[in-house]
Amino acid sequence: MVGSISGGNAPGLMAALLKEVSAKQSLEVTLAAKARDVEKMQGEAALKLIETAGNVAGSGKIDVHA
């Protein structure tokens with residue numbers, strides 16, 4: 001049984017395996033880049049919110065019209 005598997009298409013099987021590993025790595029890199037972009041957008045939105053909330057009028061009150 002083992003003899004019937006060894007030989008024939010081992011290089012093709014190895015190529016398919018390497019292609020699958022490469023595709024998984026590519027997907028992981030893409031997902032990491034997307035996660036980084038989302039975190040950057042969230043950080044920018046948080047900074048904008050903080051800046052907006054920090055606009056204080058001369059009387060010491062928060063300017064709600066900014």
Side chain to side chain contact (heavy atoms under 4.5 Å, CB included) between Gln25 and Val21, worked out: CA-CA 6 Å; Gln25 288 175 344; Val21 169; 4.0 Å; yes
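Counting Ile, Leu, Val, Met, Phe, Trp and Tyr side chains that sit under 4.5 Å apart, directly or through other members, Leu13 stands alone, with no cluster partners. Clustering of Ile, Leu, Val, Met, Phe, Trp and Tyr side chains at separations under 4.5 Å leaves Leu47 isolated, with no partner residue.
Note on residues 38-49: no pairs pass salt bridge (Lys or Arg N to Asp or Glu O under 4.0 Å), not counting sequence neighbours. The salt bridge (Lys or Arg N to Asp or Glu O under 4.0 Å) analysis of residues 29-38, with sequence neighbours excluded, yields no pairs. Within the structure, salt bridge (Lys or Arg N to Asp or Glu O under 4.0 Å) contacts touching residues 15-26 (residues at least two apart or in different chains) are Glu20-Lys24.
A donor-acceptor pair is defined here as one N or O able to donate and one able to accept, closer than 3.5 Å; such a pair exists between the side chain of Thr30 and the backbone of Ser26.
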